[in-house]
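Each chain gets a letter, A, B and so on, in the order the sequences are listed, and its residues count up from 1.
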2 protein chains.
Amino acid sequence: MGVTIKDVARAANVAPSTVSRVVANHPRISEKTKQRVREAMEQLGYHPNYQARSLASKSSQTIGLVMPDSTDRIFQNPFFPEVIRGISKIAHSREYAICMSTGETEAELYDGVVRMVQGGRVDGLILLYSKINDRVTNYLKERDFPFVMVGKPHTDMDAINHVDNDNYSAAKEITEYLIKKGHERIAFVGGSPDMVVTIDRLEGYKQAITQASLTLHDEYIVREKVLREGGEEAAIELMNLPNRPTALIVTDDMMALGILRVLNEIGVNVPKDVSLISFNNALITEISQPPLTSVDIQIFQLGYQAGKCLIEKLEQPDEPTKRIIIPFKLVERNSCDNYRASTQKDVKKKK
Amino acid sequence: MGVTIKDVARAANVAPSTVSRVVANHPRISEKTKQRVREAMEQLGYHPNYQARSLASKSSQTIGLVMPDSTDRIFQNPFFPEVIRGISKIAHSREYAICMSTGETEAELYDGVVRMVQGGRVDGLILLYSKINDRVTNYLKERDFPFVMVGKPHTDMDAINHVDNDNYSAAKEITEYLIKKGHERIAFVGGSPDMVVTIDRLEGYKQAITQASLTLHDEYIVREKVLREGGEEAAIELMNLPNRPTALIVTDDMMALGILRVLNEIGVNVPKDVSLISFNNALITEISQPPLTSVDIQIFQLGYQAGKCLIEKLEQPDEPTKRIIIPFKLVERNSCDNYRASTQKDVKKKK
DNA sequence: TTGTAAGCGTTATCAG
DNA sequence: CTGATAACGCTTACAA
């Protein structure tokens, strides 16, 4: 295919090993030869062969990305491009390549990961999801293969590098935010119940409700597997409740958007009749009408820090296990309003 | 790191080369030894080392993905996850890995590609964009490196494998669709003017307008670099025109969504006052209110076929250059209506 | 500071 | 049908 280290060596009148050293910027090499070799490289258009390098050095300088299985349409969630952008950024600057692994089913995905790992294609992995009892996670832990998780591990928190938001606090905070606005009947619409993020946020929500001495209604809690369709059905059911909620916490912008639509269809106005608040702060929250109040979880940072953490681990294997918490920020737009009893049929107290 | 071909050979009492043959499913090998070797592999948990394999066979079995530079927020466009899903599907089934290349600037991106190519990291590339005078494209053409483009090449159409929609016809068709609905003042809001897709669609639009003997107003044609913000400004300008359009063709769903919002804000109702039709048929078109009429360009297929085309090229280098056209389909939702003069101040004729 | 030579884990070319 | 053996392009002791 191309020009090899030997060609360069010949051209520069040095040994191949010297060229290798120049490429690696080895300190004990004279400036003179460095110059000479670099010129030769330039002239011949030399580029190191990564396969050979990997083979010899037993490191591929590439990071593997593991997506959740793409059976549902979760993939269309802008979350992924954005984390990837963050990971790319740091990877690029540290000269790591990025390899993706996807699969339609969990088994396919697992297979892909095993091949990547055992085949030596990647030095480490970043898991772009966190769910309970995950085969991939178990496999990696068992093999003691370097990886970092975006999200909170369900078990072994202290043994798994991860970068996450404080989802518990975030959910608690926005619930309190709604309570402060006078809402007492607040519903929670979460994603798949086996995603850790759902669990955490639900916990924060519950805590806030309880702490405010409000009653926790089971009917107000919905967790749906499918990102969109589920949310929409859930919304209708919630609205059909005899004592329907006046505010909705939705754990994903896309889902919230879907809910917004059905609400409109059945004549429920946001934010007048129902307040809506969601997570992720994707581009669409700005575009939506009304623009959605949403929790900015800093997806880009999530990715960037995950990448950084992994690379550090790879380059200094004795680096301690880390837990990195990315701050969140509530971005207020126009989907939340104060509770006004007057607009509701089933009036309670409250002015 | 792990168990190698030699370990397996020893365990099965054969030569390493025999193991290699078994892995490759070489025909001239007895069933007996195949069995024996396979058992040994199973027992030892053998997985071939890809780096070594690549080095020896001079093929990496991986496909590189080249994204557009991520300076604007184009990356948040659901187009990308979806093409990637398509590419993944075929890649997975043919046992190819996927390597991503991104960069913030064009230069960074170009660098990444060169490293991938010259470093032997990938056997071929898929470009997920098509723009005029692209450095990456030129480089690949010059080196005669296998690649396929998603979209239509600006030049050398016959020499570049590509998969595309017939964007000219698509645009023409939807323009005619609007004309049939009675619209005579139809505006075109496209993306960056140096993306080939913008050029093609604009051409189709123009053709339809001219063929219907309507006048082509320059003020009705807008091309904006930035995906969202641009579109929104454009919409306001269009609406401020003395003779404002009654229908808008927007070349991207996200953009259309943004436009939809500003239209609402300035009191212009879609579809009553203005009809809106867009491209891509992303999930958000269903969620939007009103749901958007959009052209389904079958993004998944675009990716799948691009992957297939590349792999075929890689495995049979004498495969002729291909041009694959994926059919589109207009998906009617609720953002288009018949033109009704009554709702407009500046009444023309037309019933 | 630089050169020599032995791998890294495969595949491929010959023999047999 | 199977076994030696030489690459593949690079890194890295070990020498010099």
Is the distance from OP1 or OP2 of [N] to the nearest side-chain N or O of [X] less than 4.0 Å?
X       : N      : result
A:Lys58 : D:dC10 : no
B:Thr18 : D:dT2  : no
A:Ser20 : D:dT11 : yes
B:Ser17 : C:dT11 : no
A:Ser30 : C:dT2  : yes
B:Thr33 : D:dT2  : yes
A:Tyr50 : D:dT11 : no
B:Arg53 : C:dG9  : no

Grab the [atom1]-[atom2] distance between [X] and [N] for me, whole Å please.
X        : N      : atom1 : atom2 : answer
B:Gln51  : C:dT11 : CD    : P     : 13 Å
A:Arg121 : C:dG9  : CZ    : C1'   : 15 Å
A:Arg28  : D:dA16 : CZ    : P     : 17 Å
A:Gln35  : C:dT2  : CD    : P     : 12 Å
A:Gln61  : D:dT11 : CD    : C1'   : 13 Å
A:Asn25  : C:dT2  : CG    : P     : 14 Å
A:Leu44  : D:dG9  : CG    : P     : 15 Å
B:Ile5   : D:dT5  : CD1   : P     : 17 Å

Let me know, please, whether B:Lys34 or B:Leu55 comes out on the 5' side of the other along DNA chain D by nearest nucleotide.
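Final value for this comparison: B:Lys34.
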Between B:Ala56 and B:Arg21, just flag the one whose closest nucleotide in DNA chain D comes earlier from the 5' side.
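Looking at DNA chain D, the more 5' nearest nucleotide goes with B:Arg21.
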If we count only N and O atoms by modelled type, under 3.5 Å, do the side chains of [X] and [Y] hold a donor and an acceptor together?
X        : Y        : value
B:Arg143 : B:Gln118 : yes
B:Asp134 : B:Tyr139 : no
B:Ser54  : B:Ser60  : no

So [X], base contact, sugar-phosphate only, or nothing? Heavy-atom distance under 4.0 Å.
X       : result
B:His47 : sugar-phosphate
B:Pro48 : sugar-phosphate
A:Val23 : nothing
B:Val14 : sugar-phosphate

Between C:dT4, D:dG9, D:dT2, which nucleotide gets closest to the side-chain atoms of A:Thr4?
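Among the listed nucleotides, the one closest to the side chain of A:Thr4 is D:dG9.
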Is B:Lys89 salt-bridged to A:Glu104, cutoff N-O under 4.0 Å?
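A:Glu104 and B:Lys89: salt-bridged.
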Candidate list A:Glu312, A:Lys308, A:His162, test side chain to side chain contact (heavy atoms under 4.5 Å, CB included), partner A:Lys322, passing option:
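Exactly one pass, corresponding to A:Glu312.
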Taking atom CG of B:Asn25 as the centre, report whether more than 12 heavy atoms of other residues, nucleotides or ligands fall under 6.0 Å from it.
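More than 12 heavy atoms, drawn from other residues, nucleotides or ligands, come within 6.0 Å of this atom.
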